[in-house]
Structure formats: structure tokens, C-alpha cells
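Everything on this sheet refers to the single structure shown next.
Numbered from 1 within each chain, the chains take letters A, B, ... in sequence-line order. Note that this is a predicted model, so its numbers are computed, not measured.
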There are 2 protein chains.
Amino acid sequence: MSKRVTINDVARTAGVSRQTVSRALNDKGEIDGSTKQRVLDAVRELGYRPSRFARGLVRQDTTTIGLVIPDLLNPFFTEVAAGALEAARARGWHVIVYDTAGSVEEERGTIEVVVSQVDAVVGYFSLAESELDAHLSGMPAVLIGREHRTPRFSSIRIEGAAGVREAVDHLVAKGHRRIGMLDYEGRAEPSIRRAWFADAMNAHGLAADAVGNAVQSVDGGAEALTDLLAKHPDLTAVFTFNDIIAVGALRAARRLGRAVPDDLAVVGFDGLQLGTVVDPALTSVALDTRRVGALAIEQAGRLLAGEPQLPSEELLVNAVLLVREST
Amino acid sequence: MSKRVTINDVARTAGVSRQTVSRALNDKGEIDGSTKQRVLDAVRELGYRPSRFARGLVRQDTTTIGLVIPDLLNPFFTEVAAGALEAARARGWHVIVYDTAGSVEEERGTIEVVVSQVDAVVGYFSLAESELDAHLSGMPAVLIGREHRTPRFSSIRIEGAAGVREAVDHLVAKGHRRIGMLDYEGRAEPSIRRAWFADAMNAHGLAADAVGNAVQSVDGGAEALTDLLAKHPDLTAVFTFNDIIAVGALRAARRLGRAVPDDLAVVGFDGLQLGTVVDPALTSVALDTRRVGALAIEQAGRLLAGEPQLPSEELLVNAVLLVREST
DNA sequence: AAGCGTCCCGTGAACGTTCACGGGAGCGTT
DNA sequence: AACGCTCCCGTGAACGTTCACGGGACGCTT
């Protein structure tokens with residue numbers, strides 16, 4: 001139907017050339033006041049809006065970043081996304097957000113389409129680097145929460161060994177000896193966080209033998225804690241894969257008549273805002289999630305600009321113990 | 001520095017014409033297998049990625065929507081955003097998310113820039129329609145949670161009178177007579193939700209006289225409930241502007257030794273997931289937030305396609321009482 | 001009156017891709 | 001041998017904007 005209104009249409013009805021229209025729209029100097037007004041009137045009358053494609057084609061200034069996450073409703077990713085948006089806004093960049101709904105198929109589809117929509121991509125991927133590379137064809141990409149194996153990718157790493165060690169130290173100092181863990185086995189293998197936990201326990205000469213497995217949800221955490229306590233009733237503290245599971249554990253503890261923190265201490269991971277809405281507020285090995293998102297954007301910027309790469313220590317977010325009320 | 005790799009560069013190194021390169025990349029039929037492979041090799045070797053601007057300029061197929069929200073970390077907007085992303089994905093559309101950080105200045109800046117980046121805009125704005133219109137210059141726009149005054153805009157309305165009435169009915173049936181409210185006065189005027197509450201109370205011959213005012217945060221809710229109960233110790237139930245404030249109220253009630261729901265019933269508004277992580281789970285006048293986001297995207301699509309407009313009843317989301325554990 | 005500077009404005013080119021069209025090579029049919 | 005068809009491939013044009021440049025009108029100076 002009705003063709004698009006172009007700059008030439010505006011020029012015609014205003015009785016000027018397209019260049020003059022361009023001048024009026026971009027506040028260039030070389031234009032008479034009355035002419036400018038006439039052009040602006042014509043613009044309004046015709047409902048003209050410049051084509052972002054034509055504009056972007058000639059002046060190569062706008063940068064757009066693709067942010068790929070598995071689930072925006074997962075508060076961890078919400079916070080990371082918020083951090084990324086904030087950092088992008090500070091640079092005048094635009095962020096297209098893709099929620100792959102935790103599906104590998106959706107992720108694959110997103111990867112294929114994102115390459116022709118953005119200048120760089122940032123996100124939490126589950127696909128192998130080889131497959132990512134095949135579709136991304138050279139586009140700058142930053143992996144979040146996952147170490148890159150090929151120099152072709154960048155990554156924002158999350159280092160939690162020290163933080164988990166802090167958490168275990170803290171629990172031990174409070175007198176706890178029997179400390180369990182609720183892990184999350186994403187790809188059917190124990191998480192790195194579990195290894196951190198085991199190391200920290202071993203450093204105290206304690207056994208990390210009471211480890212349960214939870215689904216990534218509040219209900220999953222509640223269920224898992226119930227099971228774990230049934231198997232190991234002597235547990236006085238529990239560390240969880242993340243805050244979501246910990247919140248579930250909090251609820252289960254209450255249901256089981258175990259007062260937190262007196263009868264059972266709970267330590268989460270991530271340090272989400274979520275931990276402050278529950279009661280008691282959750283002690284957690286906290287990440288600066290905002291910084292995770294911001295670092296990813298910054299790194300994308302460096303790749304885009306072809307700047308020299310930072311040492312990997314700079315692309316690291318360290319988790320630190322954040323003591324609230326559940327321990 | 002280094003110029004961009006164009007389709008002509010690829011054509012040259014592959015020894016073909018640009019059209020052949022285009023054919024290879026877009027899986028058009030009229031190309032020999034070996035030629036296609038040769039082109040693809042050249043593409044990989046040079047790291048060529050087609051310009052989205054040049055491509056978008058000629059084939060006008062990709063649509064991009066701007067989503068403007070005041071705070072992605074506010075779980076209400078997170079859920080709306082997730083709904084919008086889901087609906088957009090289903091249509092193969094792209095969504096650029098702008099978080100204005102609750103600042104009018106940021107919102108103004110976003111409005112100015114968004115017009116040259118997207119095909120339509122959807123969001124929760126605080127600016128007046130006149131100002132929006134001035135910058136948006138004819139771009140399709142959908143207002144969320146706010147009724148449009150000019151036919152120039154569309155809106156997704158939220159109707160909660162019946163839901164709030166349900167909530168009050170429910171409380172009265174449980175024997176409550178002294179029911180207070182924690183309102184949120186955004187622009188220094190009582191909210192529409194307060195009016196709904198007052199109407200529902202009046203229908204029962206009850207006075208809506210115990211109304212406090214809260215800041216939009218968990219702490220704000222806690223503080224406001226403490227104040228309200230100090231003024232009106234006889235309150236046995238409280239309705240809040242939204243779930244965030246309600247969660248704060250839950251915490252304050254516990255601090256004050258008021259057991260929920262036995263000593264104090266709490267009803268929130270929005271029906272967020274957030275209400276399920278607290279204990280007791282929050283009863284709330286619930287909105288289908290996912291639908292709010294989806295409707296906004298759908299409506300943007302109708303505007304873009306120039307389709308006939310739906311009656312406003314179709315662009316409405318009704319809140320319904322969702323009884324959980326806090327009443 | 002010639003020269004010069006300032007203020008406006010317009011025209012060709014370029015950005016990088018796809019579309020529409022034309023055409024050559026090779027093979028089979030009559 | 002002429003024709004037609006299929007399979008490939010290439011060239012001009014178009015998409016809508018900004019950039020680079022040229023130039024006319026006008027006023028002021030000398």
C-alpha cells in the first residue's frame with residue numbers, strides 16, 4: 001500500500017532540495033530560519049520520519065549490541081541485563097534483548113538471526129564455541145559466566161572460590177561442622193560451585209559429603225532441602241548453588257520447623273536483590289551482577305574498537321561473602 | 001581505520017560478481033554448488049558480514065520495536081518486558097529495550113533517540129502525550145498502563161476495580177472490617193487503585209479512612225505499614241498499591257509481632273512471581289503481566305500494518321483476585 | 001565598479017545491498 | 001543446423017539518506 005514518505009517528498013512539498021531538508025532535520029547551520037520552519041511543517045504534515053537504514057548506511061555511527069539470555073525472569077539475568085543496559089546507555093548504544101527461554105533451539109535460532117541485526121553480541125550461551133563461531137561469522141562476541149576456549153571469543157568470568165571459602169569460614173566460625181550443599185546439575189555434571197565448596201570444606205578438614213541436587217526454582221530448592229535433610233538430619237548449615245534455590249530452602253526449613261538461622265543456616269550464591277525480600281534476609285556469596293553486565297558491554301566495545309585486549313584478570317568478577325540474616 | 005569488508009571485496013577474491021555472492025549468502029537457487037562453496041570460503045576468509053543497513057534499506061522486512069520502561073529491576077516491568085519479548089519473538093521481531101531509570105530526563109532523551117532506531121515504540125511513559133507526540137513525529141506508539149487521551153496513541157489499559165472489589169469482598173467474608181491501604185503517590189496525587197479500594201469499601205458500608213503512603217520499595221512498604229499501624233492499631237487487614245510494597249508490609253508485620261494472616265491479612269496488587277517467594281505467599285489482585293506485554297506488541301503490530309483498530313475492551317487487562325497465603 | 005566575504009541552497013556521488021533483467025554456455029529435440 | 005530450454009552468472013538500477021562541493025545572491029569594502 002502507501003509508499004514510504006521519503007526526504008524527496010518533503011523537499012517537494014516544501015519547495016526545496018533534499019539537502020535543505022536534511023539540514024533542517026539535523027540542525028546544520030547553513031539554513032534560513034523561515035526555510036527551516038517551512039521544511040519542519042512539511043515534515044509534520046507528511047508524517048515523515050527518516051529511514052534508519054538509509055541514515056545508518058551513510059553515517060556509520062550507531063552501534064547496537066545483542067544481549068542473549070536464557071530467561072529474563074530469572075532474577076540473575078534480570079540484574080545482568082539491567083547492568084548491561086545501563087552501561088550501553090552511558091555510551092549511547094542500543095541493546096536488542098533476546099530471551100531464548102532456556103531452549104537450545106531458540107538459542108540456535110537467535111544466533112542465526114542476531115548476526116544480521118547487531119554489531120556485537122553479548123550473552124549467556126549454552127552452545128559450543130564451534131557452533132557459535134559458525135553462525136556468528138567473525139562478529140565480536142562476549143561470553144558471560146563461562147570461560148572461552150578459543151581466543152576468538154571473549155568472556156566475563158565469575159570467580160567464586162575465595163567467596164565460597166569465605167562463606168565456609170564464616171559458617172565454621174559460627175560453630176557449624178556439618179554443612180551440606182544444594183547443587184544444580186545443569187548439564188548433568190557437578191557444577192564448579194560444588195568444587196569450590198568441596199575445596200573450602202576440605203581446607204577445614206570437613207567432608208563435603210552431604211550434597212543434594214535441585215531444580216532451578218524456588219520449589220526445586222524447597223524440595224531438595226527436604227530430601228537432603230531427610231538423608232542428613234544432622235546438618236546445621238547448607239550452601240546452595242544460587243539464591244533462587246536458597247530461597248526455596250528457606251521456605252522448606254520453615255515448613256520443617258527448622259528456624260533460620262538458629263536451627264539451620266543458609267547461604268546462597270549470587271547476592272541477588274531477591275535475597276533481601278525474604279525474611280530472614282539471605283546471606284549469600286554475592287556477585288556484582290550489574291558489573292557483570294557492564295563488563296560485558298565494555299568488552300564488546302573494546303572488540304568493536306579493535307583495542308588491545310585486557311588481561312583476563314580485568315574481565316573477572318569476584319564473588320564475596322555478603323552476610324545478612326540467614327547465618 | 002581498516003575499511004569495512006563489502007560484498008564487492010568478497011566478489012573480487014572469489015572471482016565472481018556481487019550478485020553471485022548475494023545468491024550464495026541468501027540461499028537463492030541460481031548458483032552452482034562449487035561456486036557457492038568458493039564464495040562461502042571467501043566470506044569466511046575475509047570475515048565478511050553483510051551490512052544490516054544496506055540490507056534493511058532494500059528489503060524492508062525486519063521490524064524493530066522499542067520498549068521503554070522506567071526500571072527493569074522492578075519485577076512488574078521485568079514481567080511485562082518478558083511478555084513483550086516473547087510476543088515479539090513469535091513474530092520474528094526485534095526489541096530494543098530502554099531503561100530510563102525512573103528519570104524524566106532519561107525518558108526524554110530516550111524518546112528523542114528511539115524515533116530513529118525503531119519502527120514502533122511501546123512502553124510505560126510518564127511524559128505528557130503532547131511532548132511524546134512532538135518527538136515521536138507520527139511513529140506508532142502504545143502506552144502501557146495509562147489511558148490515551150488523543151486518538152494519536154494507543155494504550156493497554158489495566159482495569160482493577162472488579163479485582164479490588166473481589167479482594168475486599170474476600171477480606172470482609174473472612175471477617176475483616178478495619179481494612180487499611182498503603183498507597184503510592186507517584187505524581188503527588190492519589191492513585192486510581194486507591195479509588196478502586198475506596199469504592200469497594202464503600203460498597204460494604206466501610207470507611208476507607210486508614211490510608212498510608214509508601215515509597216516504591218520493600219523498605220518503603222515496611223516503613224509505611226509500621227506508620228499506618230501506629231496510627232490505626234485496630235487494622236486487621238491491609239491492601240497495598242502493589243506487591244513490592246506488600247512484601248515490605250509482610251516483613252514489617254513480622255517485625256511487629258503481627259502474624260500473617262492471623263493477626264493481619266495482606267493483599268497486594270499485580271500478582272507478581274515475587275509474591276510466591278515470600279512466606280506466607282502473598283495474596284494479590286493479580287494481573288496477567290505477560291499478557292500486558294504481549295498485547296502491547298500485538299497492538300504495535302496492528303498500528304504498523306494499518307489494520308483497523310480493536311475496541312478498547314480488547315486492549316484491556318483485568319485484574320483478578322489471586323488468593324495465596326497472606327489472607 | 002570591481003572585488004570579496006557571508007549566507008543560503010542545490011547537484012552529483014557515495015554508502016552496501018538486493019531486485020529486475022539480460023544473456024552466454026551447454027544440451028537435447030526436430 | 002536451427003531452435004528451445006535449463007542452468008548459471010553479470011550489469012544497471014533502486015532503496016533513502018548524508019557528504020563534498022559548487023555556486024548564486026547580497027552586502028560591504030576599497
Side-chain angles (χ1 to χ4, degrees), chain A residues 1-40 42-43 46-64 113 115-119 137-139, chain B residues 1-40 42-43 46-64 113 115-119 137-139:
Chain A
M1 44 217 82
S2 63
K3 293 275 295 172
R4 180 189 183 95
V5 180
T6 78
I7 197 173
N8 285 312
D9 298 326
V10 176
R12 201 173 312 118
T13 71
V16 296
S17 74
R18 49 171 209 279
Q19 178 61 14
T20 299
V21 175
S22 177
R23 275 190 268 257
L25 259 53
N26 298 315
D27 286 318
K28 295 288 176 68
E30 310 177 338
I31 188 173
D32 184 76
S34 65
T35 311
K36 180 170 180 176
Q37 191 53 50
R38 192 150 37 91
V39 170
L40 260 33
V43 165
L46 299 180
Y48 167 72
R49 272 171 298 128
S51 153
R52 68 169 179 280
F53 295 116
R55 179 172 279 182
L57 186 56
V58 42
R59 48 183 224 208
Q60 333 246 37
D61 51 357
T62 66
T63 56
T64 304
V113 80
V115 65
S116 63
Q117 296 291 334
V118 301
D119 301 303
S137 52
M139 166 174 292
Chain B
M1 39 220 83
S2 65
K3 294 276 294 172
R4 181 190 183 95
V5 179
T6 77
I7 197 173
N8 285 312
D9 299 326
V10 177
R12 201 174 312 119
T13 70
V16 295
S17 73
R18 50 174 209 278
Q19 178 62 12
T20 299
V21 176
S22 177
R23 276 189 269 257
L25 260 52
N26 298 315
D27 284 318
K28 294 288 176 70
E30 310 177 338
I31 187 173
D32 184 75
S34 64
T35 311
K36 181 170 178 175
Q37 192 53 52
R38 191 151 35 92
V39 170
L40 261 30
V43 164
L46 299 180
Y48 166 73
R49 274 171 298 128
S51 153
R52 67 170 179 280
F53 295 116
R55 179 172 276 182
L57 186 57
V58 42
R59 48 183 223 208
Q60 333 246 32
D61 50 358
T62 66
T63 57
T64 304
V113 80
V115 65
S116 63
Q117 296 291 334
V118 301
D119 301 305
S137 51
M139 166 175 290

Please tell me if B:Thr20 has a side-chain N or O lying less than 4.0 Å from either OP1 or OP2 of D:dG10.
yes
Whole-Å distance separating the CG atom of B:Asp32 from the P atom of D:dT6
18 Å
Salt bridge (Lys or Arg N to Asp or Glu O under 4.0 Å) involving A:Arg38 - partner list, sequence neighbours excluded
none
B:Arg55 meets the salt bridge (Lys or Arg N to Asp or Glu O under 4.0 Å) criterion, sequence neighbours left out, with none
What are the two closest non-hydrogen atoms of [X] and [Y], and how far apart are they?
X	Y	answer
B:Thr63	B:Asp119	CA-OD2, 3.0 Å
B:Arg4	B:Arg49	NH2-O, 3.0 Å
A:Val5	A:Tyr48	O-CD1, 3.4 Å

Please list all pairs passing the salt bridge (charged side-chain N to carboxylate O under 4.0 Å, His left out) test where one or both residues lie in residues 11-22 of chain B, with sequence neighbours left out.
B:Asp9-B:Arg12
Rounding to the nearest 10°, end axes of the helix from C:dA1-D:dT30 to C:dT30-D:dA1 built from five pairs each make an angle of 60°
Cut-off 3.5 Å, side chains only: do A:Arg23 and A:Thr35 have a donor facing an acceptor?
no
For nucleotides 15-25 of chain C, give me one character per nucleotide, 5' to 3': B if any protein heavy atom sits under 4.0 Å from the base, S if the only such contacts are to the sugar-phosphate, - if neither.
BBBBBB-----
A:Ser22: partners by side-chain hydrogen bond (donor to acceptor under 3.5 Å, both in side chains), with sequence neighbours left out:
A:Asn26
